[in-house]
Amino acid sequence: MDIFLILLTCFAYIFILVAYSAKIVKYARMPIHLRWELFTATKTEKKPYHHGLTAFEAQPFQSSRWRLSNVWSFLKEYLWFHSYLSHDKTYWCFLYIAHIGFVSLIIFQAVCIATALGTFLAHDQTITAERATGSLVALRILLAIISFAAGIIGNIGLMVYRISHRDLRLYTPPLTFIGYCISICTCLIGFILLLTNDPHFSGYVLFFVGMFQIKPIAVSGLLGLFIFLNMLHLIYLPFTPGFHYVTRFFAFFNVLWDTRPNQKGSPVEKAIGQVMGKKITWSAPHIKSGQTWEQAAKHRS
Amino acid sequence: MRIEDISKKSDQIIKIRQSDLLPLPYPYNNPEKDTAMRELSSDQRERYEASLDGVIGVGIQRPSSKAEEELFIHKFLSGLAKLFEKENNWTFLHPLYHSLEYCVKCQICNDSCPAYIASGRKEIYRPTYRPEVLRRIVDKYIKKKNRASLKLTGSDIELNWTLIARLGELAYRCTLCRKCTQACPLGIDNGLISHEIRKVFSQEMGIAPKELHEQGTVQQLKVGSSTGINPRALENIIEFMEDDIEEKIGRKIKIPVDKKGAEILLLHNAGEFMSWPENTEAFAIIFDAAGIDWTLSSETVGYDAVNYGVWYDDIQLARVATRQAEIARNLGVKKINVGECGHAHKAMIVVADRVLTGDLNIPRESALPILRDIVVGDKIKLDSSRNNFPITLHDPCNMVRLMGIVEPQREILKKICPQFLEMEPHGVDNYCCGGGSGFAIMQSMNFPDWRSAVSGRIKLKQILEVFQDTISPDVKKYVCAPCSNCKGQIRDLLNYYNVWDECGIFYGGLAELIVNAMIDLEKPFIEWEWH
């Protein structure tokens with residue numbers, strides 16, 4: 001059982017790392033696209049623009065002021081879920097709480113792993129549960145309380161909200177509800193552990209110490225279930241749209257706010273030259289399959 | 001209804017009932033005054049796919065044999081696969097991939113969609129509906145996910161002729177205004193999904209509304225303009241315009257054509273020459289008075305700014321933009337300026353920026369900043385009291401939300417129109433006129449009724465609301481729409497509800513208002529004659 005949990009933990013961390021890295025690489029290697037931006041970032045700006053997103057006013061859109069304005073819009077969404085707040089306060093409330101729970105759970109795990117790593121690197125062969133609590137014990141407990149409480153309230157709230165609103169229910173796949181259930185169960189068991197079994201979560205730290213030492217340390221059944229569910233949640237994440245934390249960065253900065261003009265000798269021009277040389281195989285009657293984009297663009301019939 | 005119902009054979013998925021539609025303000029607050037949409041004839045229903053909402057926009061013909069039906073499905077899937085290939089769809093691969101994969105279906109975008117709200121929130125018009133159907137097809141038939149995965153991700157859907165045909169029609173119930181994209185905190189572009197579905201139909205299956213393709217880009221590339229105006233006809237039109245200008249302002253103006261080395265090549269939507277020559281005449285009067293060095297082109301394609309390719313076909317987009325740029329290069333002009341046409345702004349100035357390379361990458365901008373510099377810089381003498389009637393401004397989505405030309409038109413109106421009123425919402429938050437993405441020119445069967453009764457309804461509501469204090473027909477009012485397609489849609493909208501007679505609301509462009517305020521004109525330039 002202990003070996004299984006260690007293997008599962010290793011697999012979950014490697015899996016999520018590989019899956020997310022693959023997604024990042026996929027995004028980073030996307031070809032240049034036609035300009036398709038939106039002019040919404042300037043809602044926060046006072047300066048009246050006259051020429052729009054053209055080379056005639058390229059300078060403001062390449063300026064640090066413009067970029068800062070974009071970054072500010074982005075941060076408002078990232079940190080405060082601004083659009084949700086202004087659209088639907090109840091949904092925002094549960095969503096925000098659930099996300100606080102999720103982020104806290106990640107930090108909580110990071111703190112546990114950091115403590116375990118510190119213990120492991122100190123080559124301490126006489127490790128005990130009491131000593132493994134370490135100096136970050138208060139932070140660990142605080143994070144545990146926040147993540148479990150927020151995880152339970154937020155995910156139950158989101159689940160009930162999605163079920164009770166037809167607009168949301170119709171479009172929510174079973175996988176999302178499974179995700180809510182895993183989160184709720186993880187947090188509930190975490191809470192029980194905290195209140196009854198292991199108030200300092202020192203057993204969890206010891207588990208990681210055992211993992212680093214490749215000498216599994218026995219964990220209680222309840223902690224074992226907590227670890228299992230937690231890792232299941234990590235494995236589940238790449239199958240959801242949850243990676244929007246990262247992909248939306250590309251969507252905003254590389255598409256919706258991508259105002260880079262095609263200037264002579266610029267990287268943009270070089271990238272366009274490359275894609276215009278690609279061959280098309282569209283087969284509608286007005287398209288000659290096998291031509292390059294450049295040839296197709298100059299085709300007259 | 002459920003999402004998967006789109007593939008189930010039935011007479012019609014939804015019915016648009018008058019009682020469901022968004023209520024309008026006075027004097028249209030009495031539902032009896034509302035105009036009913038035309039029903040399709042049984043012959044039309046038999047020949048074309050009409051089981052989505054009882055409206056025909058594209059006109060997809062029913063297959064005559066099982067083999068034809070299977071070929072239709074095969075072609076759709078083959079085109080859909082190409083959407084995810086770098087070679088075939090580098091143009092939009094990145095935003096398409098993101099929009100399909102990362103929508104969390106929070107439905108925050110719903111309130112942005114003019115068709116969805118105005119229809120009484122019909123499920124099929126919901127901004128997330130099309131993407132959800134497409135995502136399910138992609139998961140099952142392109143990614144070929146296994147049965148368990150399909151169940152877990154809610155991606156099970158049955159692909160058949162009915163679904164594809166309905167989806168093809170449904171792609172033409174979204175005006176690509178992208179207000180939903182603006183609302184999305186994750187940067188999901190549901191408008192783009194409609195655009196990409198249209199591309200599969202056009203670029204692979206050879207299906208597109210004839211007004212956009214055969215009579216649109218194909219005719220433009222062959223004859224010179226989607227209106228059918230050829231270079232010879234243009235010559236006659238320009239002669240007519242010169243005579244008309246002389247009659248209106250009392251002096252002759254020579255409209256420059258094919259002037260080599262001019263500062264500006266002005267590209268008008270050729271629809272203006274046909275339907276609203278007063279707009280192109282107004283530009284000529286203003287540019288002449290301000291001493292602008294400009295020219296029109298008489299070359300095929302060079303006198304029509306439109307580029308319908310931006311709505312449905314990337315190849316056609318590239319062809320039209322390339323031809324327009326070649327003409328500008330051959331004339332040796334310093335820059336291209338686009339007249340009052342929103343989609344031409346977006347297509348030529350912004351989207352085509354990544355198609356035009358080398359010597360074809362000629363500077364391109366809107367004509368609005370030039371008009372603004374002339375008016376605000378007092379380069380011509382104007383008297384605002386000549387425009388002393390209630391005026392409101394419609395913001396064309398392509399120019400404003402999608403391009404950022406927000407202020408020039410406002411600075412002009414504030415200077416020359418003492419009774420200028422903003423409709424709500426406005427600027428980048430505006431609602432589409434309902435005629436975006438080609439709808440304004442699509443005249444197929446009962447489609448014009450749909451765009452007046454449904455997609456344009458919010459715009460009508462906004463217009464009526466802003467003029468509520470002076471709603472009597474005795475007070476003449478003006479909706480300024482600096483975009484040819486929006487103007488066409490607003491004309492049809494006002495006509496459909498008989499708003500000119502009921503409320504005295506007229507419509508027109510921006511340049512006409514500037515000329516109307518010129519102090520050396522003996523009679524008003526705006527004639528208030530419904531057309």
Side-chain angles (χ1 to χ4, degrees), chain A residues 30-36 38-40 42-43 48-56 77 81 83-84 87-88 91 167-168 170-175 241 243-244 247-248 250-252 254-256 261-262 269 272-273 275-276 278-287 293 296-300, chain B residues 2-3 82 86-88 90-95 98 101-108 110 128 132 151-154 178 181-183 185-187 192 202-206 218 221 315 318-319 322 349-351 353-355 357 361 363-366 369 372 401-408 428:
Chain A
M30 285 280 182
I32 194 163
H33 48 81
L34 293 183
R35 281 180 62 176
W36 199 243
L38 278 175
F39 185 76
T40 46
T42 49
K43 278 199 287 186
Y49 292 108
H50 294 110
H51 299 268
L53 304 166
T54 67
F56 289 88
E77 290 300 341
F81 300 5
S83 298
Y84 292 109
H87 183 259
D88 184 341
Y91 185 74
D167 288 10
L168 297 169
L170 204 60
Y171 289 80
T172 309
L175 197 64
F243 199 51
H244 62 70
T247 58
R248 79 166 100 162
F250 291 101
F252 278 98
N254 287 5
V255 181
L256 298 179
N262 172 15
E269 191 189 46
I272 295 166
V275 288
M276 289 296 279
K278 288 188 186 296
K279 284 190 176 171
I280 48 174
T281 60
W282 292 105
S283 60
H286 65 285
I287 299 172
W293 278 85
K298 290 182 178 164
H299 196 87
R300 290 283 164 264
Chain B
R2 294 173 310 160
I3 292 157
K82 287 174 190 172
K86 285 181 184 176
E87 291 74 19
N88 280 311
W90 62 267
T91 45
F92 288 100
L93 182 62
H94 184 171
H98 176 76
E101 293 280 315
Y102 290 99
C103 175
V104 295
K105 287 106 184 175
C106 64
Q107 312 297 3
I108 205 170
N110 291 179
T128 50
E132 181 59 16
K151 289 280 175 206
L152 281 173
T153 53
R178 296 174 70 211
T181 313
Q182 183 183 26
L186 306 183
L192 178 78
S202 176
Q203 295 178 190
E204 189 71 9
M205 304 165 79
V218 172
L221 289 162
I315 312 286
R319 283 177 180 163
T322 302
I349 302 171
V350 181
V351 182
D353 196 41
R354 292 188 181 164
V355 172
T357 52
N361 193 2
R364 305 170 305 279
E365 70 162 346
S366 166
R372 178 258 176 204
R401 176 165 44 252
L402 309 187
M403 218 185 131
I405 302 171
V406 186
E407 292 300 324
V428 294

Highest number of heavy-atom pairs under 4.5 Å with chain A: which of Pro185(B), Gly206(B), Ser202(B)?
Pro185(B)
Side chain / backbone / both / neither for Val355(B) at chain A, heavy atoms under 4.5 Å
both
Options Lys279(A), Lys278(A), Lys298(A), His33(A), ranked by heavy-atom pairs under 4.5 Å with chain B, top entry
His33(A)
Can you tell me how far apart CG (Asn110(B)) and NE2 (His87(A)) are? Round to the nearest 0.5 Å.
7.0 Å
Could you pull out the closest heavy-atom pair between Pro174(A) and Gly154(B), with the gap in Å?
CD-N, 4.0 Å
Relative to chain B, which segment of Tyr91(A) carries a heavy atom at a distance below 4.5 Å: side chain, backbone, both, or neither?
side chain
Gap between atom CZ of Arg178(B) and atom CH2 of Trp36(A) - 0.5 Å precision
5.0 Å
Between atom CH2 of Trp90(B) and atom CD1 of Ile280(A), what is the distance when rounded to the nearest 0.5 Å?
11.0 Å
Verify the neighbour count for atom NZ of Lys86(B): are there more than 12 heavy atoms of other residues, nucleotides or ligands below 6.0 Å?
yes
Option in Ile108(B), Val351(B), Thr322(B) with maximal non-hydrogen atom pairs under 4.5 Å from chain A
Ile108(B)
Under 4.5 Å from a heavy atom of chain B, the part of Tyr171(A) involved
both
What's the shortest heavy-atom distance between Asp353(B) and Pro261(A), and which atoms?
OD2-CA, 3.5 Å
Intermediate values then yes/no, side chain to side chain contact (heavy atoms under 4.5 Å, CB included), His94(B) and Asn254(A)
CA-CA 9 Å; His94(B) 184 171; Asn254(A) 287 5; 3.7 Å; yes
Atom NZ in Lys105(B), atom CG in Leu170(A): separation rounded to 0.5 Å?
11.5 Å
Just by distance, no angles: are the side chains of Thr357(B) and Asn262(A) close enough, under 3.5 Å, to form a donor-acceptor pair?
no
Region of Asn361(B) that comes under 4.5 Å of a non-hydrogen atom in chain A:
side chain
Could you look at Val255(A) and say if it's the side chain, the backbone, both or neither that has a heavy atom under 4.5 Å from chain B?
side chain
Is the side chain of Arg319(B) donor-acceptor paired with the backbone N or O of Ala296(A) at a distance under 3.5 Å, no angle test?
yes
May I ask you to decide if Arg354(B)'s main-chain N or O and Arg35(A)'s side chain share a donor-acceptor pair within less than 3.5 Å?
no
Interface check, chain B: of Phe250(A), Phe243(A), Tyr84(A), most non-hydrogen pairs under 4.5 Å belong to Tyr84(A)
For Asp167(A), which atoms come within 4.5 Å of any heavy atom of chain B: side chain, backbone, both, or neither?
both
Segment of Cys106(B) engaging chain A (4.5 angstrom heavy-atom cut-off)
both
Kindly say whether Ile315(B) contributes a backbone atom to a donor-acceptor pair with the side chain of Trp293(A) at under 3.5 angstrom?
no
Value rounded to 0.5 Å, distance of OG1 in Thr91(B) from CD1 in Ile32(A):
12.0 Å
Contacting moiety of Glu204(B), where chain A heavy atoms sit under 4.5 Å
both
Determine the option with the most heavy-atom pairs under 4.5 angstrom with chain B, choosing from Thr247(A), Leu175(A), Ile287(A).
Thr247(A)
Locate the shortest heavy-atom distance separating Cys103(B) from Pro241(A); write the atom from each residue and the value.
O-CG, 3.8 Å
Trp282(A) versus Asn88(B), closest heavy-atom pair with distance:
NE1-O, 2.9 Å
What pair of heavy atoms forms the shortest contact from Ala251(A) to Gly187(B), and how long is it?
CB-O, 4.2 Å
Closest non-hydrogen atom pair between Leu186(B) and Phe252(A), with its separation:
C-CE1, 3.7 Å
In Å and rounded to the nearest 0.5 Å, what is the OG1 to CD distance from Thr281(A) to Glu87(B)?
8.0 Å
